[in-house]
Amino acid sequence: MNTIFHKIINKEIPSNIEYEDDKFIVIHDICPQAPIHLLIIPKSYIKTINDIGNNQLHIMSEILKIVQVLAVRLQVDQTGYRLIMNCNPDGGQTIYYLHMHFLAGKQLNPHFG
Ligand code: AMP
């Protein structure tokens, strides 16, 4: 499996990087749905939420730590933000590489679906 996020992580295609360390990259979504729309992507490949192994669940808490840091850095921790993870077709997943959306910067529509 070679997705667009593999290419972004490997710097084969450009992206607007907000944060990067040895385990994660955070990029700005190319088609933002809010003034701030980030994608938090682990560098170790996992296809979907379903594929997170029992020994990999720590990735979720690591993502949440990044969320907290980003929220403060971008000064939206008090105004608020929305986190979304889409899984498989009915969930709206289009890129089969685990990622979390971080949306902020305006009051988002409360309705889903
Ligand atoms: P999902 O539908 O949850 O799989 O989300 C995939 C997201 O990746 C969408 O919001 C796209 O706009 C975004 N996306 C697709 N290609 C790129 C890219 N080259 N750089 C940044 N974001 C992208």
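Numbering of ligands and ligand atoms starts at 1, following listing order.
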For this session: Check whether the side chains of His58 and Ser61 place a donor and an acceptor atom closer than 3.5 Å, and report yes or no.
Result: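 No.
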Exercise. Parallel, tilted or perpendicular for His99 and Phe5, by the 30°/60° rule?
Worked result: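 The arrangement is perpendicular - the two ring planes meet at more than 60°.
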Per-atom contacts, ligand 1 versus [X] - under 4.0 Å to a heavy atom:
| X | value |
| --- | --- |
| Gly92 | 1 (P), 2 (O) |
| Ile4 | 19 (N) |
| Cys31 | 12 (O) |
| Asp29 | 7 (C), 8 (O), 9 (C), 10 (O), 11 (C), 12 (O), 13 (C), 22 (N) |
| Ile8 | 18 (C), 19 (N), 20 (N) |
| Phe5 | 8 (O) |
| Leu39 | 8 (O), 13 (C), 22 (N) |
| Ile27 | 21 (C) |

For ligand 1, which part of [X] has a heavy atom less than 4.0 Å away: the side chain, the backbone, both, or neither?
| X | value |
| --- | --- |
| His99 | side chain |
| Tyr96 | neither |
| Thr94 | both |
| Gln33 | neither |

For this session: Side-chain contact test, heavy atoms from C-beta onward, threshold under 4.5 Å: evaluate it for Val69 versus Ile66 and give yes or no.
Result: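 No - every pair of side-chain heavy atoms lies 4.5 Å or more apart.
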Exercise. Should Ile25 and Ile17 count as side-chain neighbours, where that means a heavy-atom distance under 4.5 Å?
Worked result: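 Side-chain contact under 4.5 Å: yes.
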Exercise. His28 and His37: aromatic ring centres closer than 6.0 Å?
Worked result: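 Between His37 and His28, which both carry aromatic rings, the centre distance is not below 6.0 Å.
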Exercise. Quick one: are the ring centres of Tyr81 and Phe102 less than 6.0 Å apart?
Worked result: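 When the ring centroids of Tyr81 and Phe102 are compared, they turn out to be within the sub-6.0 Å range.
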How long is the span from the [atom1] atom in [X] to the [atom2] atom in [Y], to the nearest 0.5 Å?
| X | Y | atom1 | atom2 | answer |
| --- | --- | --- | --- | --- |
| Ile36 | Leu70 | CD1 | CG | 9.5 Å |
| Lys43 | Lys23 | NZ | NZ | 12.0 Å |
| Ser15 | Ile9 | OG | CD1 | 9.5 Å |

Exercise. So between Thr48, Ile30, Thr3, whose heavy atom ends up nearest atom 21 (C) of ligand 1?
Worked result: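 Nearest heavy atom to atom 21 (C) of ligand 1 lies in Ile30.
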Problem set entry | Sub-3.5 Å N/O-N/O distance, Asn86 and ligand 1 |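 Between Asn86 and ligand 1, an N or O pair is found under 3.5 Å apart.
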Exercise. Can you tell me which residue and heavy atom of the protein come closest to atom 15 (C) of ligand 1, and the distance to 0.1 Å?
Worked result: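 Going by distance alone, atom 15 (C) of ligand 1 is nearest to Ile95 CD1, 3.6 Å.
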Problem set entry | Shared hydrophobic cluster for Tyr19 and Ile59 (ILVMFWY, side-chain gaps under 4.5 Å) |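 As far as the 4.5 Å side-chain criterion goes, Ile59 and Tyr19 are connected within one cluster.
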